[in-house]
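Here is the structure we will look at, set down as structure tokens.
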Amino acid sequence: MKKTTKKMAKATAKQSVKNCPVNCCSTAHKVWGAIALAGLFACGLILGLTYRDDAAPRAMLDAQQCDAIANEIVNITTSGATAENVDMLNELNAAYSNGCAGRLVIIEKESAAPAPRRPEIMSTCERIEQLLKRRLNSEDSTNYIDHLANADTFSSMADRGCAENADMYKAMALRELEIATALQPTENMRQRDAAIVIDTFKKLDMQQEAREFLDKIEQLIDPATDFILQMEQIINE
């Protein structure tokens, strides 16, 4: 009985060997099987991650974090994005868009500063007038000497200032002379005062008036001969 059983087992084994091809379990089949399993695993992993990213809610950033990102975006944008920081700018924009929904980054453009005005060069005659005006005394002064000094200053401005203002300063000089002689009559003037009047007339190109005033002085105060000669020289120059 035992011999019969062994013979039947051997016969079954031989039949199985005949039904299976020789290369059914070769090395090539094992390698391709492993590759197929790995590909299937990778596909499942990608699908799983995609599903997880789409399904999971996006985390919102707090106000402080959003402000920090917005400030950095503004800094990069206003200073000008470069090849070095353009990737960073893109990442910041993406983070702000995803985590700070409903907020806007406001970039204010600085207004261009006005170009500095070039200082205008004042003409020489204008500068002379500007400086001589600082010598003028108050027209409210009751001291005749102040008005004589003003007459001398205005005559200098008419003589050395801008030509278009000469007539105006000449009129002002004569006005100050009239005020001075009203405050101090000619007969009470000293030689120094008379010299100012004559010099004022001379600078106003009024030699005839200067000579008439000198003749009047000779009759009223009888000045020294040297003074008369000096005044005549000034008038005749």
Side-chain angles (χ1 to χ4, degrees), residues 71 74-80 106-237:
N71 289 336
V74 171
N75 291 337
I76 295 176
T77 304
T78 53
S79 61
I106 300 176
I107 301 175
E108 298 180 356
K109 293 184 178 180
E110 295 183 0
S111 58
R117 295 182 60 185
R118 296 181 59 184
E120 297 181 0
I121 300 176
M122 184 180 295
S123 65
T124 303
C125 67
E126 289 177 329
R127 185 58 173 165
I128 290 173
E129 292 178 2
Q130 183 185 63
L131 295 176
L132 288 175
K133 284 179 181 178
R134 298 178 183 177
R135 294 182 181 178
L136 293 172
N137 300 304
S138 172
E139 63 178 13
D140 294 331
S141 174
T142 58
N143 189 337
Y144 81 99
I145 295 178
D146 290 340
H147 292 281
L148 282 179
N150 285 349
D152 179 66
T153 299
F154 279 124
S155 65
S156 296
M157 294 168 68
D159 183 40
R160 305 298 298 274
C162 299
E164 61 270 21
N165 298 327
D167 290 340
M168 178 184 66
Y169 292 134
K170 179 179 179 178
M172 295 299 295
L174 294 175
R175 179 173 180 266
E176 289 296 314
L177 281 179
E178 187 175 354
I179 294 173
T181 55
L183 295 173
Q184 180 77 348
T186 304
E187 60 270 19
N188 295 332
M189 286 187 178
R190 296 167 294 180
Q191 291 185 7
R192 185 190 65 181
D193 303 334
I196 295 175
V197 174
I198 291 173
D199 184 61
T200 299
F201 279 131
K202 176 63 188 308
K203 286 186 291 187
L204 296 176
D205 198 21
M206 299 174 66
Q207 284 85 352
Q208 182 61 35
E209 286 78 1
R211 186 169 297 280
E212 290 176 358
F213 182 80
L214 180 59
D215 293 342
K216 188 175 182 179
I217 289 296
E218 286 186 59
Q219 297 173 4
L220 294 174
I221 64 176
D222 190 21
T225 304
D226 292 342
F227 176 76
I228 298 298
L229 294 175
Q230 184 181 3
M231 293 300 101
E232 287 181 349
Q233 184 179 0
I234 292 175
I235 294 172
N236 296 327
E237 285 179 351

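All residue numbers refer to positions in the sequence shown, counting from 1. Being a predicted model, the structure only gives us computed values, none of them experimental.
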Between E129 and N165, do the side chains contain a donor N or O and an acceptor N or O under 3.5 Å apart? yes
Taking L148 as the fixed residue, which of I179, V197, L183, T200 is the one that meets the side-chain contact (heavy atoms from CB on, under 4.5 Å) rule? V197
Below 4.5 Å, heavy atoms only, C-beta onward: do [X] and [Y] meet side chain to side chain?
| X | Y | value |
| --- | --- | --- |
| L174 | F154 | no |
| E176 | D152 | no |
| D159 | L204 | no |
| H147 | Q184 | no |
| F201 | I235 | no |

Is the backbone N or O of R190 less than 3.5 Å from a side-chain atom of D193, with the two atoms forming a donor-acceptor pair by type? yes
When you measure from the side chain of N137 to the backbone N and O of D146, does any donor-acceptor pair fall under 3.5 Å? yes
Would you find more than 12 non-hydrogen atoms of other residues, nucleotides or ligands less than 6.0 Å from E178 atom CD? no
Does E139, at its CD atom, have more than 12 non-hydrogen atoms belonging to other residues, nucleotides or ligands within less than 6.0 Å? no
How long is the span from the OG atom in S155 to the CE atom in M206, to the nearest 0.5 Å? 11.0 Å
Does the salt bridge (Lys or Arg N to Asp or Glu O under 4.0 Å) test come out yes or no for D215 and R211, once each step is laid out? CA-CA 6 Å; D215 293 342; R211 186 169 297 280; 5.7 Å; no
Please assess T181 against M189 for the test side chain to side chain contact (heavy atoms under 4.5 Å, CB included), listing each intermediate value before the final yes or no. CA-CA 9 Å; T181 55; M189 286 187 178; 3.6 Å; yes
